Amino acid sequence: MNKYNHKKIESKWQKKWKEDKLYKTGQDKKKPKYYVLDMFPYPSGAGLHVGHPKGYIATDIFARMKTMQGYNVLHPMGWDAFGLPAENFALKNKIHPRISTDKNIATFKKQLGRLGFSYDWEREINTTDPEFYKWTQWIFLQMFERGLAYESHEPIIWCPSCKTGLAQEDLENGRCERCDSEVERKPMRQWVLRITDYAERMLNDLDKLLEWESSIKEMQRGWIGRSEGVEVQFQITNYTRQASTSKLQIDETIKVFTTRPDTLFGATYFVMAPEHPLVKKITTKEQKTEVEKYIKFAGSKSELERTELAKEKTGVFTGSYAINPVNSEEIPIWIADYVMMGYGTGAIMAVPAHDERDFEFAKKYNIPIKPVVVPYFEANGDMKEKVREDMPTKKRNVIYALVKNSKTNKFLLIKWPEYKCSTYVVGGIDEGENIINAGKREVLEETGYKNLKFIKEIGSEVHVNYYAMHKKENRYAIARCMYYELENEERDEISEEEKNKHKAVWVSEDDVDKDMTYGNIIYFWKIFKKGEEYFTGEGININSDFPDEVLGNTKTPETGAFDGSEDCYPRCGIQTCHSVNSIAHSKEYVKNSNGVEPAEGLEPSNHKMTNLYSHHAAGTSTPNLLYQENKNITKSLNGLTTKQAKEKMIEWLEERGLGKKAINYKLKDWVFSRQRYWGEPIPIIHCEKCGAVGVPEKDLPVKLPNVKEYAPSGTGESPLVNIKEWVNTICPKCGGQGKRETNTMPQWAGSSWYYLRYIDPKNNKALVDKKKEKYWSPVDFYVGGAEHATRHLIYARFWHKFLYDIGAVNYEEPFKKLRHVGLIMAEDGRKMSKRWGNVINPDDIVEKYGADAMRVYEMFMGPFSQSCAWSTNGLVGTRKFLEKIWGVKSRIKNQESRIKDDLNRLLHKTIKKVGDDIKEIKLNTAVSAMMILVNALEKEKEISNEVYEKLLLILSPFAPHIAEELWVELGNKESVFKQKWPKYNPELIKDEKIQLVVQVNGKLRDTIEVDVDIFEDDAKVKALESEKIKKWTKSKEIVKIIFVKGKLVNVVVK
RNA sequence: GCCCGAGUGGCGAAAUUGGUAUACGCGAGAGACUUAAAAUCUCUUGGUGGCGACACCGUGCCGGUUCGAGUCCGGCCUCGGGCACCA
């Protein structure tokens, strides 16, 4: 037999398939449909590298299998050919983008052709084709007519190198994604699409997309960035704050957006973005110079400085004050560039006690920090009640040991599984130091910093985990605590020596007073010092929801903070010292706010701690608010979860007309114009009399004029401005003088709807025939790079929903199942790029090893969505696999030869596995299953035609050329792709005999061959009969025997 | 900093609802064929100890649950991806 010559057979079949129109989309309306789509490529000048086709191979496999399974499959390809890179490439090489684009497309198409894809090229589309972009323009017009496309003059992001405005999404680390230059803000007339109108729907409908990867859905959620809160009105009225301050006649209301209205009581200042329109009006004479200087300074910062690099907060006082509506407090108004005009109202109320940024700012400018800590407990209402009821009695015998002088950053975590919460005990153990040994449950050993072994279990339901923090960040709130649950008698077992050794101060919850104050439990604690008798010393009340509040406390009686008297506010002293509910609970805060000295070693907590506490620890009441005017509202907020407190505050504010519920999105309206040449012209005519007028539908498409000079003008206007004969036109409304819009659309325009056009690519009456759309939509399976998760996929969903709303399409979501393809890295582990000189061209691989080998290899490399480094060595393996298949053909004997039973079973298992794996895009294991089958065939002297044919059928989607060649060589007249996908026999995929695993205490000791359906008792007997097992069970007591059907027997011995 | 995902041989990676860890492929070693090499074929290939049968250890680290954990739970570490002054 001849050798496997991929070059000969691949070009032969590619030609034949084209001639036969084998991949023309099926039209049989009785069949079910399946729409398999790739994200269409942008045809760059560099051509394809081996990474590009990975996704196309997967969809091709899918499409071929679906066709064989009897579906009408739509599997098209096209070109996303407008956009900046094409234009920049054209400029650099002095070729018109029309020409270079067409050339690139031809190259791409040729390269793709060599890989043997089953695209229906009759449906090819190209976004730069006027017959295509006619409909892109049409969609824009529909939006324009409905007010979804509007002109704006706000400053936008401007790339000085690309000489065009960009959308926020086009940035990467504050730089232009395309050319990596620093971008600036520039006021610019531009077209904007009101995508925010669809934010809520796009967010909600994510839940309906069951076959999308959850990571992509998460990204979209983050991108839309919905937050719920309230808009609160702050008054600025005319008054004189100080004699030295000039009197301003202002009567303004400024709105702020906040997600934490429950912290309103802690607002100590107010900030506006430097660009805020009211800034001028509220700046006093005295502050004018400073403010103007600052605005200039802030304006000069580039986008990069303002976000990435500007860690230091800056700002300046305006001289005016706003009135906090909840307590009528006057708070100073500052301007600072950490508040941005683009989000919310461009102004905030600043609560330094509860916001890191505000805290930083307040610290820098010496603004008071005032905490509002609303107690809450992360459990639902019922659970909370249950805790309240159970806690005091259950925890009667709790002893907390507080150990002083900690320098390490460790603490313990105590889980209370029944309450679904945890207690974090801050602190830990110093190196080389033993911790108190406390009776029988004590398992604590100090063996050095990294090898702490902790209490395995304290009590039946309490688990303790060791929690080590970064040593480098030596700045946690440190209160070295240990928690033990002991019986009364057991306490006595702790020796005096041990107690002394650790200078512990013991705090005991001897008695619990269930008196509820402001929704909290008041625990009655007795404090006593080391060396003193247990349960003596003075008792104090601690206002606390939960014992962990006390656990974190480092204040000891010795320092005098707890003097035991009711009105020294001991509870606050304790609580503020430990409750790391916010950064406010730092040394600084405690000092500033209520004069209670924090305990030694108590440092500002970092985020991690803050989060732990704010999620798990109960909060505290707020000392300086409880006794102020707003007693009632703070009182009623006490004992609520943050969420409940928030809602209550909103209610409270709404009742008084001070604010109302509001929702904000990070998603901003889509800046839709580009000041460049190579894009779809925006179909608008500007008329002095009528304003912006849409081009009538009959005049579409507005063709992009073919010009010689297409370099960007640099004035911020599109090069189209200079083409007078194109720009000057007639206003379609009044017939007067009109000028065409010269901005063009961004690259994302065409890609936002292209998938619809494949359904009906030649239609000149509508963008798609609605009946056809009903049949083919939605896209059943969509594959592309993850980099499109937040742009293309958001834009396309937005346009699709809009088209649905105007009745142009039948379904609300365009893509049913979405998978992203993992990158193929170069052999050196870097991205394939000209820059590194590590690009592998598929043409070379196809030439040397064949398209089939490459296709199979790319699928075999690893999990489909995972990125993976290319290895030409690895490719050799799949080539050998194909050669083996080629080789075993010579062993086919006459049709009558009986198939060996175990081989037949393997065949059917493989058919099942390959089918299932393709469906789940686990193509690497599908290939490996076929390899196993082929290895088995190789061992046979003769194989039957039937087995071989079925192998070719399941191989054909992966390696279409070789499969077709061998299929025809077997004497078949019709293409392998016209065959039915083989069915497996469910009877045959079950084994009759299995290797039953026999374990002793969970360790494998023997395997015995038994019937699959062996009865439990028989299996057990057989297992115990085994000599190897006897060895292990001899002179041991058999406790029990576990039997898992079809799997194993486990003998448990003692 | 926040949010996702992932850590398994020399390498790419497998492993149904917890049930024989390392399938399949690459690489490496030994052998066969050959004058020789390449190609091809056969065998070996997680670690340690042992002549050996075999034993012990082993899926990033520390614990937990279980008869049994790569898989489940808690924590940590590292790497990758996304977001990032979003109030």
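Letters A, B, ... mirror the listed sequences (proteins, then strands); counts begin at 1. Hydrogens, waters and symmetry mates are skipped; everything else that's a heavy atom, side chains included, is used. Everything numeric here is computed off the predicted structure, so don't read it as measured data.
Between A/Lys1003 and B/rC57 there is a side-chain polar atom (N or O) within less than 4.0 angstrom of OP1 or OP2. Listed pair A/Asn924 / B/rA14 meets the phosphate criterion, a side-chain N or O lying under 4.0 Å from OP1 or OP2. For B/rC56, the OP1/OP2 oxygens have a side-chain nitrogen or oxygen of A/Arg1005 closer than 4.0 Å. For the OP1/OP2 pair of B/rA55 and a distance below 4.0 Å, the side-chain nitrogens and oxygens of A/Trp1032 include at least one atom meeting the criterion. Taking only side-chain nitrogens and oxygens, A/Gln866 comes nearer than 4.0 Å to OP1 or OP2 of B/rA13.
Residues A/Glu200 and A/Arg226 come closest through the heavy atom pair OE1-NE, 2.9 Å. Residues A/His276 and A/Met341 approach most closely at CA-SD, 3.7 Å, considering heavy atoms.
One N or O donor and one acceptor, one from the side chain of A/Asn1050 and one from the base of B/rC67, sit under 3.5 Å apart. Judged by distance alone, with hydrogens and angles left aside, A/Glu218 brings no side-chain donor or acceptor close enough to the base of B/rG82 to form a pair under 3.5 Å. Taking only distance into account, the side chain of A/Lys313 meets the base of B/rC85 through a donor-acceptor pair shorter than 3.5 Å.
Remark: B/rG25 base-pairs with B/rC11. Criterion, Watson-Crick or G-U wobble with two distances under 3.5 Å. Across all strands shown, B/rC79 forms a Watson-Crick or G-U wobble pair with B/rG5, both key distances being under 3.5 Å. Using N1 to N3 plus N6-O4 or O6-N4 for Watson-Crick, or N1-O2 and O6-N3 for G-U wobble, each under 3.5 Å, B/rU40 pairs with B/rA32. Nucleotide B/rG74 has B/rC62 as its partner under the Watson-Crick or G-U criteria, with both atom distances under 3.5 Å. Both distances falling under 3.5 Å, in either a Watson-Crick or a G-U wobble arrangement, occur for no nucleotide opposite B/rC85.
Using modelled atom types, one finds no donor on one side chain facing an acceptor on the other under 3.5 Å when comparing A/Tyr857 with A/Thr872. A/Asn935 and A/Lys884 are linked by a side-chain donor-acceptor pair at a separation below 3.5 angstrom, with hydrogens and angles left out of the test.
Both A/Pro863 and A/Lys1028 sit near RNA chain B, but only A/Pro863 has its closest nucleotide nearer the 5' end.
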